[in-house]
Amino acid sequence: QQQQQQQQQSQCTLPDSQTEHAELVLPVPEHVDFGSVRRRMAAERSRSQSTGTVGTPSEKAAQVAAARQQLQQQTPLHEPHHEIIQVQEQEFQMSLLHDQIKDLLKRRGGLVASATRHQEELEELQMQKAHAEQRLERYGENPRLRWELKDLQNTECQMQENLAEVHQRLAEVEAELNDKQGLLATVGAKVRA
């Protein structure tokens, strides 16, 4: 029954409206072993699933680029097709870099907002701490004020650590963003050349 369904599906024809928008299909030499490419990709997929890692967009793009590169190495390309593929590869790289830069800009914006919020909270806490110290000086030793001051000091230390961590992540994102923007400029110059 399954064979009958497959046979019926293989005999189906597409309506004329869909054939108008057919994509350009590049000829692929017969000696390319797509089975080995599929097996390797399946092995990589099962490896990443067994380790519990989820592929990030940059990891997926790296896998796609590696598969393309291996396919290009296996296939002797004719000169006109080779140029088309190179242009498409450069456009893909630029698109990927644009996406990565957009993601980094979004992360940077979130980190800047978080750093600003943490800084404001820290300043408010420091004012509260200063007021608690003034009350302690003015009214003398008070266990409740002493406990409040100690609590404010602990909270201040924690907030300073959080702020330092946000600034560290922000610096990392800034460095990665600068690298990606430099790489985009390099790839863009190659495309224009």
Between atom CD of Glu148 and atom CG of Leu152, what is the distance when rounded to the nearest 0.5 Å? 5.5 Å
Nearest 0.5 Å, please: how far is NE2 in His118 from CD in Glu161? 11.5 Å
Looking only at heavy atoms, what is the nearest atom pair of Leu177 and Leu105, with distance? CD2-CD2, 3.6 Å
Co-members of Leu149 in a cluster of I, L, V, M, F, W and Y side chains, linked at under 4.5 Å: Leu136, Leu145
Do the side chains of Met94 and Leu104 join up, straight or via other hydrophobic residues, at under 4.5 Å, putting them in one cluster? yes
In this structure, CG of Asp179 is separated from CG of Leu184 (nearest 0.5 Å) by 12.5 Å
Locate the shortest heavy-atom distance separating Ser114 from Val166; write the atom from each residue and the value. OG-CG2, 3.8 Å
Step by step, would you call Gln86 with Gln90 a side chain to side chain donor-acceptor pair (under 3.5 Å)? CA-CA 6 Å; Gln86 278 184 327; Gln90 288 173 343; over 6 Å; no
For Leu183 versus Leu97, what's the shortest heavy-atom pair and its separation? CD2-CD2, 3.8 Å
Mark yes or no for whether Thr155, through its side chain, and Asp151, through its backbone, hold a donor-acceptor pair below 3.5 Å. yes
Rounded to the nearest 0.5 Å, how far apart are CZ of Arg146 and CD of Glu141? 4.5 Å
Between Glu83 and Val87, is the side chain to side chain contact (heavy atoms under 4.5 Å, CB included) condition met? List the steps. CA-CA 6 Å; Glu83 291 174 9; Val87 169; 5.5 Å; no
Can you get from Leu163 to Leu111 by hopping between Ile, Leu, Val, Met, Phe, Trp and Tyr side chains that sit under 4.5 Å apart? no
Test Glu176 against Val173 for side chain to side chain contact (heavy atoms under 4.5 Å, CB included), laying out the working first. CA-CA 5 Å; Glu176 188 175 354; Val173 167; 5.6 Å; no
From Thr186 OG1 over to Gln93 CD, what is the distance, rounded to the nearest 0.5 angstrom? 12.5 Å
Which distance, rounded to the nearest 0.5 Å, do you find between the NE2 of His167 and the CD of Gln119? 6.0 Å
Mark yes or no for whether Thr116, through its side chain, and Val112, through its backbone, hold a donor-acceptor pair below 3.5 Å. yes
List the residues meeting salt bridge (charged side-chain N to carboxylate O under 4.0 Å, His left out) with Glu165, not counting sequence neighbours, and say none if there are none. Arg169
Worked check of side chain to side chain contact (heavy atoms under 4.5 Å, CB included) between Gln126 and Met159: CA-CA 11 Å; Gln126 288 171 340; Met159 290 181 87; over 6 Å; no
For Asn154 and Gln158: C-alpha separation, side-chain torsions, deciding distance, then whether side chain to side chain donor-acceptor pair (under 3.5 Å) applies. CA-CA 6 Å; Asn154 291 339; Gln158 182 63 40; over 6 Å; no
